[in-house]
Enquirer: 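Quick one: this structure, given as structure tokens, is what I'll be asking you about.
The model shown is predicted, which means the values in this text are computed figures rather than measured ones.
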Amino acid sequence: MKRRTVIRMMSYCAAAALAAVGYAVKANQKAEQYKLQIETTYSHMLDGLDESMSNISVLLKKAEYTTEPRQMTNMAAQLLTQAESAKTALSQLPTGGNELKVINRFLSQVGNYALTMSKSVVAGEELAADYPTNISALQETAEKISHAVGEASITYNNVDAWSREIGRRLDEEVPDDSFAGSVSQLEESLTDYPTLVYDGPYSDHILEKEPLMIKDAAPVSQGKALETAAAVAGVEEDDLSMEGELDGRIACYRFDGEGVSVTVSKQGGYAVYMRKSRSMGDSILEYRQALDKAERYLERIGMTGFTETYYYTDEGVCVINFAYLDGKTICYTDLVKVGVAMDTGEIMLYEASGYLTNHSDRAFETPAATEEEAAEKVSDRLTIKETALALIPTDSAGEVRCYEFVCETSDGQEILVYINAMNLAEEDILILLKSDGGTLTK
């Protein structure tokens, strides 16, 4: 064989070998991409399932205590939506071929049952005598599923866990400690059932409209805004520097300093937000001491007429929510937050977006309904502990004045029920979650 031919053949072989290696590398990269894609999808679906089951559990808890047709219809619609979301997420997760008939039947029936009951009430019919028992049993089942899914979400909150799961699927293994195995165990454990953040109330619903306090206010200079920023932060003006301007519903000047950031509205010159950051020491203050510090701070910066509502403590800072008190009406729409360091009492946070967005001079009408008449609308399965007048936001960015009833269930769970002070409609129900760290609502 000629030397040239040998060299050519060796070149072809080398090229083929390189091509084979290239294809192998490319195939391996593609496989890794597909694997990562699957893992990301699983994580996303499990998060969605976790959220939907938690929402279903809370909605069913509220449904135990509502008597208003409009509220029942609204809750039923939400249950149907959340159930469908949960079913979709569950269908995309690796369940080892298990059809999960019990869980899927539960998700299919839970919203339909609530919708059937709400239609009966709207039609003027009495609720079935077993409604409270059925709804309670459904809620217990939802809570059990929600707890199990929440545990799985914690376990599989990493790529390695899903990698092992994918490997088991390829090997056709379904051990008890796999996701498929744990879901199967949950399926078997479910008993029979009827066939069918916090910040306090409404803090997430108060920033959805044009800010009322500043829409007609005169513009202020950067220098004037700096004065306000320094006063709110408790520092000298020289300690802050102009960092830029922020657009949005409330256009602001932004000032920064060492460990502090402040925004001041361009119109009206109101402090919108102040945040300090530093390492926190051991907490030595009690809540009442933190509250006293926060109240004194509001008074110092000229914010008066507020009453404390709910609070929570996180990473050494106690954040207290204050609602504007208009006569005897607690305006949950007009919210101000103050954060107090639990080691020294230093003010670490101030936020007034809710107040600047919603506060105005209101002329409340005298309630058409009495407190006693409103109390009759509260479920007889709840014991009323306290009553107040409250202004709460509506889904359409409006507001409605209600009687707020702080109630208690037979097992000690606190429930807030809001009855319209003009027409006695049940406007909302919230579940209070109390802990050593504060009070949240759902």
Side-chain angles (χ1 to χ4, degrees), residues 58 61-75 118 121-122 124 126-127 131-132 135 198-203 205-206 304-311 321-336 354-355 358-434 439-442:
V58 170
K61 187 70 174 177
K62 292 182 180 182
E64 290 186 58
Y65 304 106
T66 186
T67 58
E68 168 69 38
R70 182 167 60 90
Q71 279 293 334
M72 289 187 69
T73 301
N74 183 42
M75 287 180 187
S118 71
V121 173
V122 170
E126 291 289 329
L127 280 173
Y131 173 78
I135 284 292
Y198 149 135
D199 281 346
Y202 307 111
S203 59
H205 305 277
I206 58 179
T304 59
F306 291 85
T307 183
E308 80 275 12
T309 55
Y310 298 88
Y311 77 95
N321 298 301
F322 292 88
Y324 185 73
L325 191 61
D326 193 330
K328 294 183 178 181
T329 302
I330 302 170
C331 300
Y332 284 118
T333 51
D334 301 12
L335 187 68
V336 170
Y355 179 72
N358 294 282
H359 184 66
S360 64
D361 292 328
R362 302 177 177 95
F364 289 127
E365 297 181 45
T366 301
T370 65
E371 179 183 321
E372 291 73 21
E373 289 172 330
E376 292 178 3
K377 297 294 182 179
V378 177
S379 169
D380 56 12
R381 300 181 64 225
L382 295 172
T383 301
I384 297 173
K385 296 295 185 181
E386 299 175 28
T387 308
L389 279 170
L391 190 71
I392 65 174
T394 64
D395 292 336
S396 58
E399 52 190 34
V400 61
R401 195 164 173 231
C402 300
Y403 287 104
E404 176 188 63
F405 293 99
V406 181
C407 307
E408 190 174 82
T409 66
S410 58
D411 60 357
Q413 173 73 65
E414 283 196 294
I415 307 285
L416 298 178
V417 180
Y418 293 91
I419 305 297
N420 192 303
M422 301 304 291
N423 60 23
L424 294 178
E426 183 183 89
E427 296 291 345
D428 206 355
I429 292 180
L430 296 174
I431 299 172
L432 282 181
L433 305 176
K434 289 190 173 182
T439 304
L440 305 175
T441 61
K442 282 191 176 181

Enquirer: Give a yes or no on this: more than 12 heavy atoms of other residues, nucleotides or ligands lie within 6.0 Å of atom CD of E365.
Expert: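 No.
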
Enquirer: Would you indicate whether E386, at its atom CD, is surrounded by more than 12 heavy atoms from other residues, nucleotides or ligands within a distance under 6.0 Å?
Expert: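 For E386, atom CD is not crowded (no more than 12 foreign heavy atoms under 6.0 Å).
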
Enquirer: Using the rule given for salt bridge (charged side-chain N to carboxylate O under 4.0 Å, His left out), can you reason through D326 versus R401, listing the C-alpha separation, both sets of side-chain angles and the distance that settles it, and then say yes or no?
Expert: CA-CA 12 Å; D326 193 330; R401 195 164 173 231; over 6 Å; no

Enquirer: Closest heavy-atom contact between M422 and P367?
Expert: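 Heavy atoms only, the tightest pair is SD-CA, 3.9 Å.
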
Enquirer: Is E426 reaching over with its side chain to a backbone N or O of V378, donor-acceptor style, under 3.5 angstrom?
Expert: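 Judged by distance alone, no pair lies under 3.5 Å.
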
Enquirer: Measure the CD1-CD1 distance between I392 and I330 for me, rounded to the nearest 0.5 Å.
Expert: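 Here the interatomic distance stands at 12.0 Å.
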
Enquirer: Would you say T329's side chain and L391's backbone share a donor-acceptor pair under 3.5 angstrom?
Expert: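 Pair absent, no side-chain N/O of T329 close to backbone of L391.
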
Enquirer: Compare every heavy atom of K377 with every heavy atom of I419, then report the nearest pair and how far apart it is.
Expert: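 Where I419 meets K377 most closely, the heavy atoms are CD1-CB, 3.9 Å.
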
Enquirer: Counting C-beta onward and ignoring hydrogens, is there a side-chain heavy-atom pair between K62 and L430 closer than 4.5 Å?
Expert: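 K62 vs L430: side chains touch.
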
Enquirer: What's the spacing between K328 NZ and T307 OG1 if we round to 0.5 Å?
Expert: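 Reported value, rounded in 0.5 Å steps: 14.0 Å.
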
Enquirer: Strictly distance-based, threshold 3.5 Å: is any side-chain N or O of Q71 a donor or acceptor partner for the main-chain N or O of A63?
Expert: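 It does not hold such a pair.
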
Enquirer: Is there a side-chain contact between Y65 and T409 (heavy atoms, below 4.5 Å)?
Expert: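 Yes, side chains in contact.
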
Enquirer: Which one of F322, Y332, Y355 satisfies the ring-ring contact (aromatic ring centres under 6.0 Å, His included) criterion with F306?
Expert: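 Result: among F322, Y332, Y355, Y355 is the only option passing the ring-ring contact (aromatic ring centres under 6.0 Å, His included) with F306.
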
Enquirer: Salt bridge (charged side-chain N to carboxylate O under 4.0 Å, His left out), that's the test. Do E414 and K385 meet it? Break it down for me.
Expert: CA-CA 9 Å; E414 283 196 294; K385 296 295 185 181; over 6 Å; no

Enquirer: Tell me the closest heavy-atom pair linking E404 and A390, and the distance in Å.
Expert: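 Result for this residue pair: CB-CB, 4.0 Å.
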
Enquirer: Using a 6.0 Å cut-off, check whether atom CG of D411 has over 12 heavy atoms from anything other than its own residue.
Expert: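 More than 12 within 6.0 Å, yes.
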
Enquirer: Is Y418 reaching over with its side chain to a backbone N or O of V400, donor-acceptor style, under 3.5 angstrom?
Expert: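 A pair under 3.5 Å: no.
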
Enquirer: In Å and rounded to the nearest 0.5 Å, what is the SG to CG distance from C402 to L389?
Expert: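 Going from the SG atom of C402 to the CG atom of L389 covers 9.0 Å.
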
Enquirer: Indicate the atoms forming the closest heavy-atom contact of E371 with Y403, along with that distance.
Expert: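 For E371 versus Y403, the nearest heavy atoms are N-OH, 3.4 Å.
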
Enquirer: Look up atom CD1 in I415 and atom NZ in K61, then write down how far apart they are to the nearest 0.5 Å.
Expert: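 The CD1 atom of I415 sits 6.0 Å away from the NZ atom of K61.
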
Enquirer: Working to the nearest 0.5 Å, report the span between OG of S410 and CD of E408.
Expert: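 Going from the OG atom of S410 to the CD atom of E408 covers 9.0 Å.
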
Enquirer: To the closest 0.5 Å, what do you measure between SG (C331) and NE2 (H359)?
Expert: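 One finds 8.0 Å between SG of C331 and NE2 of H359.
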
Enquirer: Given side chains that start at C-beta, do those of V406 and I384 come closer than 4.5 Å, heavy atoms only?
Expert: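 Side-chain contact under 4.5 Å: no.
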
Enquirer: Keeping D334 on the side-chain end and Y324 on the backbone end, is there a donor-acceptor pair under 3.5 Å?
Expert: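 Between the backbone of Y324 and the side chain of D334 there is no qualifying donor-acceptor contact (under 3.5 Å).
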
